[in-house]
Amino acid sequence: MIIRLCLLVAFLGGRLPLVGTEEDSGPFSTPFPSPLNADALLSPNCSQLTLKLDFSTKVVKHEYIVAFNGYFTAKARSDFISSALRDVDAVNWRIVRRDNPASDYPSDFEVVEIRQDARSSLLTLQDHPYIKRVTPQRMVLRSLKLTDSGTDGASPCNDTRWMQKWQSWQSSRPLRRTSLSLGSGFWHATGRHSSRRLLRAIPRHVAQILQADVLWQMGFTGSGVKVAVFDTGLSEKHPHFKNVKERTNWTNEKTLDDGLGHGTFVAGVIASMRECQGFAPDSELHIFRVFTNNQVSYTSWFLDAFNYAILKKIDVLNLSIGGPDFMDHPFVDKVWELTANKVIMVSAIGNDGPLYGTLNNPADQMDVIGVGGIDFEDNIARFSSRGMTTWELPGGYGRVKPDIVTYGSGVRGSGLKEGCRSLSGTSVASPVVAGAVTLLARIVDKNGDYVDVAVSYSPVLWPWAGYLAVSISVAKKAASWEGIAQGHVMVTVASPAENDSEIGGEMTSTVKLPVKVKIVPTPPRSKRILWDQYHNLRYPPGYFPRDNLRMKNDPLDWNGDHIHTNFRDMYQHLRSMGYFVEVLGAPITCFDASQYGTLLMVDSEEEYFPEEITKLRRDIDNGLSLIIFSDWYNTSVMRKVKFYDENTRQWWMPDTGGANVPALNDLISVWGMAFSDGLYEGDFTMSDHEMYYASGCSIARFPEGGIVIAQTLKDQGLEVLKQETAVVENVPVLGLYQTPSEGGGRIALYGDSNCIDDSHRQKDCFWLLDALLQYTSYSMSPPSLTHSKNRVAPPTGTDRPLPQRLEGNHLYRYSKVLEAHLGDPKPRPLPACPHLSWAKPQPLNETAPSNLWKHQKLLSVDMDKVVLPDVRPYRPQVRPLSPGESGAWDIPGGIMPGRYNQEVGQTIPMFAFLGAMVVLSFFVVQLTKAKSKPKRRKPRVKRPLYLQQQQQQTPQSGKNPTV
């Protein structure tokens, strides 16, 4: 739902405000009591009306809805119920006949009337294996009273006024599931309004306010989208609609027409093609009449209609009703089934604000677009329901609703027979959103061709075995594009048939995996950082010790060393500084170094292939920079921190230290660099920043000309081995080096990674990481480091030997680089780089140019100054009216002109004059030709050949030939 709403807002260009009053809403056609005599409700003056509303609920006596676990034929459903009630004595029951369009199809429920011994019968029914639930049929009785709320005198309104009348209407939705039109949003007749206040409350056509006319001119008018209107029906010959695909009646009245006007109004907001223009005039309208003229409906009517909507593959469904009962199981379950069958349901959120927790069902369901309202100042309207859902209480928090807000006050829609009327309320806001969704359903710009998708998988997929990987990359043509690209990946899994299966061959199933990614233009090389994940190892399966030896209660390095696990804070800091971090999950030989500014290696435990060492040297000579955050490594300390595992009953010896320093030394030895096996700890100050060195190593060798920073630290290795304390001065901890090759990169070494690791970090050193990236990416040496008083001469490493690998270690068991070998482990063959076969994309729709412009706030818009797109070249020709046809003009092709109806009267005389001139010219030309031509002799008519033959043959044969 989120995706659809973001797209809707993006296409329609901004906010969708709604205006209304605070009065609670009434039923479906709240302000239009057509069962009364309409003439009796008219008065020379019109003032604002308030609707007072009373409700009472009751169970339909003796009637129950029996829900099944699947769809069955009528005979099967009857047999299930009969078998369930067979053993119940003296039960008088019958299945209530439902005569509607869904009767010819299998159904998942039945309405049963049980006259006696209902309690035991219900218990027996619920015990049947094919029956899911039994619930009573309910009905809501509601009384409406329209009263004049104007206190400032009569407000002229089309020379009409509603009189105060009482009327009782009924609906089947239990516990106040009602229409959500505002009581004060009464119907307005068409015509000129003299009230300035009233004119201000009635905006232009809502479809044009939301710039739907821009999409019309692009050729998008909702064609091919099936939209269902669940309401009070629609007249067959209404002049505003040209593509009513089907009208169905689900009530007990023998009519398909709308006797109230609310259903016509809602359909007009969605799909009217003239006067009060709807959003999607070419959409397929499917009219479901689920309310009688007396506003009566039943749960079973809705269930049947919903089933039929699924069968008809409806795309968008508008439902302007609501109530607090989210535990009305048949109704709620059916809504879930609708949305699971790709039906986009739009429903009003309710008019029970401003109290929080007043959401109405079904709009409070996660899979339904709940529509609320805001006022002209872009504030949530006081009457609009709001808050979180209460389904989840007390076990958890609910979900925030509504999903979207839009206009709902003074919205113009189709009148009962013709013309336009205005109505207010969230039941008006609901079709506004439904119309917008209908218009966008076929033209949403998904930009799926801007991403390349590849799928890789193991030869055999089985539960808990094998893998299925989806790789996503930005297409080359989108290198400079920014936006959202989305679509779905269809995966078909084939399984061998079971031995006892009657169906030969393999069985297949298809899964759709939705894909949605945000694409940004390719950053400059200096802003791209590559994180080396391939050379990070963790527990399990091997014993890789913690990086901070002070943390004795957490001996294992088990967090993964990934930018989205224990280095997440570092990652978010880099993103906030404008850097883009990508993860390398393959050997160093598998990436294009020309695309990245810096390779970042942190706490690496893995060995390196010889080919990797060679390639990295070549990449750095060509401009790639390298930053290494190392950690401690000391074979004596590694033996000291071994422990006995009670589970495996074995001694666990670390296979490496906090980092694999011997492997790192092999990697950087070509530049004369190396880390030592010293283990140091302590607090110090660097460039006015407080730092903490937690079980780090020192730099043993560094080339001349480099920058080396030293600190005074404690010898933690001596403390671990002999429990003695010693302070060591001038311990080299940081080194910066510019490689000598022309255009070469830069290298930065630091002996401890704990200051950027979330696991046991005490003082962060993100400032240091920023300074190192400034150096490696832009060749800007930090002045606070180059001129530091702690700068020392680069160490030569001749005073002590470099660290060696632990003899007899079992790193090869867990390594991707080493393999077991007699004597010392040897490198494996270099694995091939991942090769992806990019799938060919299949377009789902046709993209429209997104040149929509954004409106100002409604009250500040001067329509005379707003330049709208010119639609005159697209206007169709008019034609005379046929007998009995409406006075509105048919517009072929679904093109919706902006002010076409206002200019028809001016164009008729011109067309009539031109037509008369053409006819007159034709007769003059014909008359002139006739007088100028000479007279010719009339040719003699020859007898047909077969008649001559007949006369010759008749005397001979005496028989009439047959031709």
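We count residues from 1, following the sequence as given.
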Are [X] and [Y] packed together at the side-chain level, in the sense that at least one heavy-atom pair is separated by less than 4.5 angstrom?
X    : Y    : result
L319 : F306 : yes
R412 : S422 : yes
M345 : D367 : no
S300 : W250 : no
K312 : K245 : no
V316 : I270 : no
L260 : F291 : no
C420 : H240 : yes

Looking at every non-hydrogen atom in both residues, tell me the closest pair between [X] and [Y] and how far apart they are.
X    : Y    : answer
I310 : L338 : CG1-CD2, 3.5 Å
V411 : V432 : CG1-CG2, 4.4 Å
G222 : L439 : N-CD1, 3.9 Å
I349 : G372 : CG2-CA, 3.6 Å
G224 : D315 : O-OD2, 3.9 Å
W216 : F279 : NE1-O, 2.9 Å

Report the distance from atom [atom1] of [X] to atom [atom2] of [Y], rounding to the nearest 0.5 Å.
X    : Y    : atom1 : atom2 : result
Q208 : Q277 : CD    : CD    : 5.0 Å
N307 : Y71  : CG    : OH    : 4.0 Å
T264 : L234 : OG1   : CG    : 5.0 Å
L416 : R421 : CG    : CZ    : 7.0 Å
L210 : Y407 : CG    : OH    : 6.0 Å

Kindly say whether [Y] contributes a backbone atom to a donor-acceptor pair with the side chain of [X] at under 3.5 angstrom?
X    : Y    : answer
D258 : G261 : yes
K401 : T389 : no
T232 : G263 : yes
S385 : T358 : yes
N318 : V229 : no
S272 : V269 : no

Pair [X], [Y]: side-chain N/O donor-acceptor within cut-off below 3.5 Å:
X    : Y    : result
N249 : K254 : no
N341 : E337 : no
Y308 : N100 : no

- Item | Test side chain to side chain contact (heavy atoms under 4.5 Å, CB included) applied to D282 and K242, step by step | CA-CA 8 Å; D282 282 342; K242 66 174 181 179; 2.7 Å; yes
- Test side chain to side chain donor-acceptor pair (under 3.5 Å) applied to D257 and K237, H238, R247, the passing residue: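 Going through K237, H238, R247 one by one, the side chain to side chain donor-acceptor pair (under 3.5 Å) with D257 is satisfied by R247 alone.
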- List the steps and the verdict of side chain to side chain contact (heavy atoms under 4.5 Å, CB included) for F302 and F230. CA-CA 9 Å; F302 275 100; F230 278 55; 4.3 Å; yes
- Query: Got a sec, which pairs hit salt bridge (charged side-chain N to carboxylate O under 4.0 Å, His left out) with one end in residues 285-304, sequence neighbours left out?
  - Reply: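 Salt bridge (charged side-chain N to carboxylate O under 4.0 Å, His left out) check on residues 285-304 returns R98-D304, E253-R289.
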- Task: Would you sort out whether D213 and Q217 count as a side chain to side chain donor-acceptor pair (under 3.5 Å), showing the intermediate values?
- Result: CA-CA 6 Å; D213 50 349; Q217 293 178 66; 5.1 Å; no
- Message: For W481 and Y450, take the angle between the two ring planes, folded into 0 to 90°, and tell me which bin it lands in: parallel under 30, tilted 30 to 60, perpendicular over 60.
- Response: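 If you compare the ring of W481 with that of Y450, the planes turn out perpendicular.
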- Task: Take V517 and I484 through the test side chain to side chain contact (heavy atoms under 4.5 Å, CB included) and record every step on the way to the result.
- Result: CA-CA 6 Å; V517 295; I484 301 294; over 6 Å; no
